[in-house]
Q: 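Take a look at this one; I'll ask things after.
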Number of protein chains: 2
Amino acid sequence: MFGLYALGALVSKASAASYPHDQIQKPFVKTSSGLEVTADGSGELYWDYTGGTGPLLWTKLNRKEWPLCQSGDLQSPINIDNTMKPSGFRYEWAAPLRACYNMTNTGRTIELKPTCPSIGERDVVGIMIENDWFNLDGITFHTPSEHRFLDEYYPIEAHFIMKSPKTGKITTPHTRRYAVRVVFFDVSNIHESDFWSGISPYLYSEFQRAGINNKVYNYQGSLTTPPCSQNVIWDILSVPQAVSVETYNLLKRIIKFNARYTQNTPGKVNLLSEACQKK
Amino acid sequence: MFGLYALGALVSKASAASYPHDQIQKPFVKTSSGLEVTADGSGELYWDYTGGTGPLLWTKLNRKEWPLCQSGDLQSPINIDNTMKPSGFRYEWAAPLRACYNMTNTGRTIELKPTCPSIGERDVVGIMIENDWFNLDGITFHTPSEHRFLDEYYPIEAHFIMKSPKTGKITTPHTRRYAVRVVFFDVSNIHESDFWSGISPYLYSEFQRAGINNKVYNYQGSLTTPPCSQNVIWDILSVPQAVSVETYNLLKRIIKFNARYTQNTPGKVNLLSEACQKK
């Protein structure tokens, strides 16, 4: 369903009709006015990963709404070292069907959006953090990885983005709007014909067990895209999973490059802010 | 000679004795005084690719000697697009033996230094640019690639660094101290047992022919490491070469991450400088 072939379809809109479960979205387009037009017709300020619209100038593109990209002191991604504490979070994952996800090329990443039916007492996959429930909101992919682990990067980093449903009046601190679990992928000589097979262990109930057998590092940081909000609990599996050469090359051809540069140690001054200090 | 096994030896100094042709150098060490100590005992200011000693703060580490990293308007690497003009340079490559290179782990990259005997009328491999000769000074590797090609990156980028011997009184403009040829590598299902085989076509006389069969893009930029001197002619082969999964993973484990973020279009204001403008 979500095999290499389906991933390949994201390269071309023309193939969309063949994949009823894949929502092939038209990537954004940069217009002469500096706005981008998205699939739903809405316009927002254009940003990307290169040059004058890249990560160094995100705040400058929108000083009012995206100031944290240049001033925040809890920015992501970072380099993970093994002095960090493991998370003690309790994960609760249902076992959704493969078909209950839509795959989209947003123009900046490939995104899987859950459309899963209710299973058990929770209606979606998610995570429990100190008695607060976060729903799985979507899964995105970055190439190369945004986080580094002991100074090394990986060819692919998946983000399992979980979001607190308590919008408007969040009782938890503002620092807990999102919880994002990171899974790294290393290129391997496996010959999976199915892109899905590489990530499926993390969409099923094995996710929790994988977390137990795999040292998980945890820190409080930010979204890695504008507005760079510092309300994210990051949760990083240290052991990479395997992805085939074919899948990696295809994913890279679609996504091209979507990794923000690593930020300073959490709590230290924002790197851009530090670079701009006269002394 | 320079196979996977030899590359593996760079991980551990203990194996050095087995490889008479590989100069296994102790990587630099960051000291409490902020200096690094290199294999030859000399000390210089520490810099790397992450956080407070990473690319955003190179100028801040040494405002006197490395100002161009933050102010230069011809900085590298960049995104290459196909509006760039091809180079008309004349390459002259001898056919040196494999054994005439030393392989070193500098702590920031793997470096091949030529120790080749004289062949023909030139005493080393090199390049002719408008009647000026540049010697091959060394070959270094970056992972992931520093340059991007049509917004895409590659897992490995090799730099063939050629240097004008006219030190002190260079008659060519200061903009031509270095000429660097870029070769990208993509991960492939090939199973070369020899790291060398992936790059050897570029160390032999086929180099010139490869350049003819392969569109070459050209621009004037800078060193991608401190002091970021803007005296480099870049020369980029658009078609990537193949490297095996084993070699890529091993190279990445040794080098970890050594790519500077992409810079602005040549001639446009330095991105860091632009980020620091109040308005």
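Below, chains carry the letters A, B, ... as their sequence lines are ordered, and counting in each starts from 1. In this text, all values refer to a predicted model and were calculated from it rather than measured experimentally.
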Q: Under 4.5 Å heavy-atom distance to chain A, tell me which part of B:Leu57 shows up: side chain, backbone, both or neither.
A: side chain
Q: Do we see a donor-acceptor contact under 3.5 Å between the side chains of B:Gln70 and B:Lys60?
A: no
Q: What's the verdict on side-chain contact (heavy atoms from CB on, under 4.5 Å) for B:Tyr49 and A:Thr262, showing C-alpha distance, side-chain angles and the deciding distance?
A: CA-CA 9 Å; B:Tyr49 290 93; A:Thr262 59; over 6 Å; no
Q: Given the options B:Thr59, B:Ile255, B:Val187, which has more heavy-atom pairs under 4.5 Å with chain A than any of the others?
A: B:Val187
Q: So which residue, B:Asn79, B:Ile78, B:Asn189, ends up with the most heavy-atom pairs under 4.5 Å with chain A?
A: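 Option with the greatest count: B:Asn189.
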Q: Side chain, backbone, both or neither: which part of A:Asp151 has a heavy atom under 4.5 Å from chain B?
A: both
Q: Return yes if a side-chain donor-acceptor contact under 3.5 Å exists between A:Thr53 and A:Asp48, otherwise no.
A: yes
Q: Tell me, for A:Leu272 versus chain B, whether the close heavy atoms (under 4.5 Å) come from the side chain, the backbone, both or neither.
A: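 For A:Leu272, backbone and side chain are both near chain B.
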Q: Looking at B:Cys276, B:Pro155, B:Pro144, which has the largest count of heavy-atom pairs under 4.5 Å with chain A?
A: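 The candidate making the most pairs under 4.5 Å is B:Pro144.
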Q: Is a side-chain donor-acceptor pair under 3.5 Å present for A:Ser244 with A:Thr247?
A: yes
Q: Of the backbone (N, CA, C, O) and the side chain (C-beta and beyond), which part of B:Ser188 lies under 4.5 Å from a heavy atom of chain A, both, or neither?
A: backbone
Q: Check whether A:Asp186 gets within reach of chain B through its side chain, its backbone, both or neither, counting any heavy atom under 4.5 Å.
A: side chain
Q: Side chains of B:His142 and B:Thr224: closer than 4.5 Å at any heavy-atom pair?
A: yes
Q: Are B:Trp58 and B:Trp47 near enough that their ring centres are under 6.0 Å apart?
A: yes
Q: Sort out for me which of B:Asn249, B:Val269, B:Leu271 touches chain A most, counting heavy-atom pairs under 4.5 Å.
A: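 Answer, by heavy-atom pair count under 4.5 Å with chain A: B:Leu271.
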Q: Does the ring centre of B:His147 sit less than 6.0 Å away from the ring centre of B:Tyr217?
A: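 Not close enough - the centres of the two rings lie 6.0 Å or further apart.
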Q: Looking at chain B, which one of A:Val245, A:Thr265, A:Asn264 has the largest number of heavy-atom pairs inside 4.5 Å, strictly under?
A: A:Val245
Q: Heavy-atom distances under 4.5 Å only: say whether A:Thr50 touches chain B with side chain, backbone, both or neither.
A: both
Q: Name the region of A:Leu150, side chain, backbone, both or neither, that has any atom closer than 4.5 Å to a heavy atom of chain B.
A: backbone
Q: Does the plane of the ring in A:Tyr219 sit parallel, tilted or perpendicular to the ring in A:Trp234? Use 30° and 60° as the thresholds.
A: parallel
Q: Name the member of B:Gln263, B:Glu274, B:Arg148, B:Lys268 that forms the most heavy-atom pairs with chain A at distances under 4.5 Å.
A: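 Among B:Gln263, B:Glu274, B:Arg148, B:Lys268, the one with the most close pairs to chain A is B:Arg148.
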Q: Do B:Arg253 and A:Glu152 meet the salt-bridge criterion of a basic N to acidic O distance under 4.0 Å?
A: no
Q: Quick one: what part of A:Tyr261 sits under 4.5 Å from any heavy atom of chain B, side chain, backbone, both or neither?
A: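 Contact with chain B: side chain only.
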